[in-house]
Trainee: 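Quick one: structure below, then a few questions.
Letters A, B, ... are given to chains in the order of the sequence lines, protein chains preceding strands, and every chain is numbered from 1.
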Number of protein chains: 2
Amino acid sequence: MSEQSTLRMTRQRRAILEAVRAARVHPTADEVYAKVRGALPRVSLGTVYRNLEELARRGLISKIEVGGTQRRYDGETVEHCHVRCLTCGHVEDAEVDGVDLQKAGASRIPGYVVVGCAVEVMGYCPRCVMAGHAESARRS
Amino acid sequence: MSEQSTLRMTRQRRAILEAVRAARVHPTADEVYAKVRGALPRVSLGTVYRNLEELARRGLISKIEVGGTQRRYDGETVEHCHVRCLTCGHVEDAEVDGVDLQKAGASRIPGYVVVGCAVEVMGYCPRCVMAGHAESARRS
DNA sequence: CTAGCTGCAAAGTGTTTGCGGCTTA
DNA sequence: TAAGCCGCAAACACTTTGCAGCTAG
């Protein structure tokens, strides 16, 4: 449908892609930035944002479509469910009961063209529970 | 667990609560701001943000925990599923197949304290489909 | 009367973009 | 070589916050 110009695999782009793929949690732009800086100290945050967006558009990584204040990315492009900690914001994969993502993503909604489905469980992660943050005000 | 000071039902707060409850779609802070200004031209955006947050904290409305760049609120406090238009960002309620929210919100995830679950279907709304925006680049 | 709220304006956070020079294919 | 990228810094969009005066209970 639309022309895609050729993707050049620059050092920066490769490092960014690796950083997202290697992350055990689903990183925000600055987490990626911090990691990439280890190898390439002069990268700019702008480059990180541009590339995360570009890589997601090409389907090499995916943008996580869930709540929270910062955007997060995921090296896994197959749809799956996430848990998000309401205190610290960390996101990781989760097994969620009672959900058939296949079916959900194929829901017919009158008038809409449906392209996918995101499921997110909210809660408090082990680290925050231990630190006693679970009882405090809900943030997002 | 924590002291809640008394909630004063000011004109502004009431108008904001009404605006969220009356909205057919799930409004962002500035949509609420625009609506409330009709009745109270001197309200400030800060007041709207403060109250949306406070009302959500008290459970009078709920904060929608899904993707997109702006935060959205919902007059309905019972958990249910949403559709979000990837072009214009509008969010509304949806019936989603293959999802048991009760079960999902009760998932046991090792180490986590789970408090809820959000399900969001992504797609293109009727208006945007008609306008031909459905094929264009994915935004969030 | 006074704890709690408001309007205003300034400050924060996270993300995007214009530009001139550099690099990958 | 040239289309595509990069680093930088300035601009943006959305949200939060400090303050001094106002108001519901």
Side-chain angles (χ1 to χ4, degrees), chain A residues 2-17 19-20 26-34 36-37 39-58 60-61 63-73 84 88-91 137-140, chain B residues 2-17 19-20 26-34 36-37 39-58 60-61 63-73 88-89 91 137-140:
Chain A
S2 60
E3 297 282 312
Q4 303 263 71
S5 53
T6 38
L7 234 210
R8 272 167 45 183
M9 196 45 77
T10 58
R11 244 165 327 132
Q12 293 85 336
R13 181 162 294 156
R14 193 189 330 277
I16 289 166
L17 179 54
V20 175
H26 302 321
T28 58
D30 18 289
E31 284 162 9
V32 173
Y33 179 51
V36 171
R37 277 191 133 184
L40 302 168
R42 305 188 53 82
V43 272
S44 76
L45 190 49
T47 295
V48 171
Y49 275 105
R50 264 188 295 240
N51 278 300
L52 287 172
E53 210 46 37
E54 184 65 25
L55 290 169
R57 243 167 26 73
R58 307 264 180 160
L60 292 167
I61 62 177
K63 216 188 293 194
I64 298 186
E65 296 289 355
V66 289
T69 56
Q70 282 175 269
R71 188 167 303 168
R72 286 173 182 278
Y73 295 85
R84 175 164 55 93
C88 69
H90 275 203
V91 173
R138 298 147 208 173
R139 298 166 189 292
S140 93
Chain B
S2 60
E3 297 283 313
Q4 302 265 71
S5 53
T6 38
L7 234 209
R8 272 168 45 181
M9 196 45 77
T10 59
R11 246 165 324 134
Q12 293 86 333
R13 182 163 293 155
R14 192 189 330 277
I16 290 165
L17 180 53
V20 175
H26 303 321
T28 58
D30 19 289
E31 285 162 8
V32 172
Y33 179 51
V36 170
R37 278 191 131 184
L40 303 168
R42 306 188 53 82
V43 272
S44 76
L45 191 51
T47 296
V48 171
Y49 275 105
R50 264 186 297 237
N51 278 301
L52 288 172
E53 210 46 37
E54 184 66 25
L55 291 169
R57 245 168 23 75
R58 306 266 180 157
L60 292 167
I61 62 177
K63 216 189 293 193
I64 298 186
E65 295 289 356
V66 289
T69 56
Q70 281 175 270
R71 190 167 301 169
R72 287 173 181 276
Y73 295 84
C88 70
V91 173
R138 297 146 207 175
R139 299 167 188 292
S140 92

Trainee: Mind grabbing the angle between the end helix axes of the helix from dC1(C)-dG25(D) to dA25(C)-dT1(D)? Five pairs an end, 10° rounding.
Mentor: 40°
Trainee: Do the side chain of Arg72(A) and the main chain of Ile64(A) share a donor and acceptor less than 3.5 angstrom apart?
Mentor: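 The answer is no, because no donor-acceptor pair under 3.5 Å joins these two groups.
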Trainee: In sequence, state the C-alpha distance, the side-chain angles, and the governing distance for Glu54(B) and Arg13(B), and then conclude on salt bridge (charged side-chain N to carboxylate O under 4.0 Å, His left out).
Mentor: CA-CA 10 Å; Glu54(B) 184 66 25; Arg13(B) 182 163 293 155; 5.9 Å; no
Trainee: Decide yes or no for Arg14(A) and Leu17(A): does some side-chain heavy atom of the first lie under 4.5 Å from some side-chain heavy atom of the second?
Mentor: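 Arg14(A) vs Leu17(A): side chains apart.
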Trainee: Kindly give the heavy-atom pair with the smallest separation between Lys63(A) and Tyr73(A), and that separation in Å.
Mentor: CG-CE2, 3.6 Å
Trainee: Once side chain to side chain contact (heavy atoms under 4.5 Å, CB included) is applied, do any residues pair with Arg11(B), and if so which ones, sequence neighbours excluded?
Mentor: Leu40(B)
Trainee: In chain order, what residues pass the side-chain hydrogen bond (donor to acceptor under 3.5 Å, both in side chains) check against Arg37(B), with sequence neighbours excluded?
Mentor: Tyr33(B)
Trainee: Measure the CD1-CD1 distance between Ile61(A) and Ile16(A) for me, rounded to the nearest 0.5 Å.
Mentor: 9.0 Å
Trainee: Are any side-chain N or O atoms of Glu31(A) and backbone N or O atoms of Thr28(A), one a donor and one an acceptor, separated by less than 3.5 Å?
Mentor: yes
Trainee: Starting at OH of Tyr33(B) and ending at P of dT15(D), how long is that distance when rounded to a whole Å?
Mentor: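 Rounded to whole Å, this separation is 14 Å.
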Trainee: Could you tell me the boundaries of the chain B footprint on DNA chain C, defined by atoms under 4.0 Å from its heavy atoms?
Mentor: dA3(C) to dC8(C)
Trainee: Restricting to side chain to side chain contact (heavy atoms under 4.5 Å, CB included), what partner residues turn up for Tyr49(A), sequence neighbours left out?
Mentor: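 In terms of side chain to side chain contact (heavy atoms under 4.5 Å, CB included), with neighbours along the sequence ignored, Tyr49(A) is linked to Ala29(A), Asp30(A), Leu45(A).
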Trainee: Tell me the closest heavy-atom pair linking Val32(A) and Ala19(A), and the distance in Å.
Mentor: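 Looking at all heavy atoms of both residues, the shortest contact is CG1-CB, 4.2 Å.
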Trainee: List the protein contact pattern of nucleotides 4-13 of chain D with one symbol per nucleotide (5' to 3'): B for base contact, S for sugar-phosphate-only contact, - for none; contact means a heavy-atom distance under 4.0 Å.
Mentor: BSSBB-----
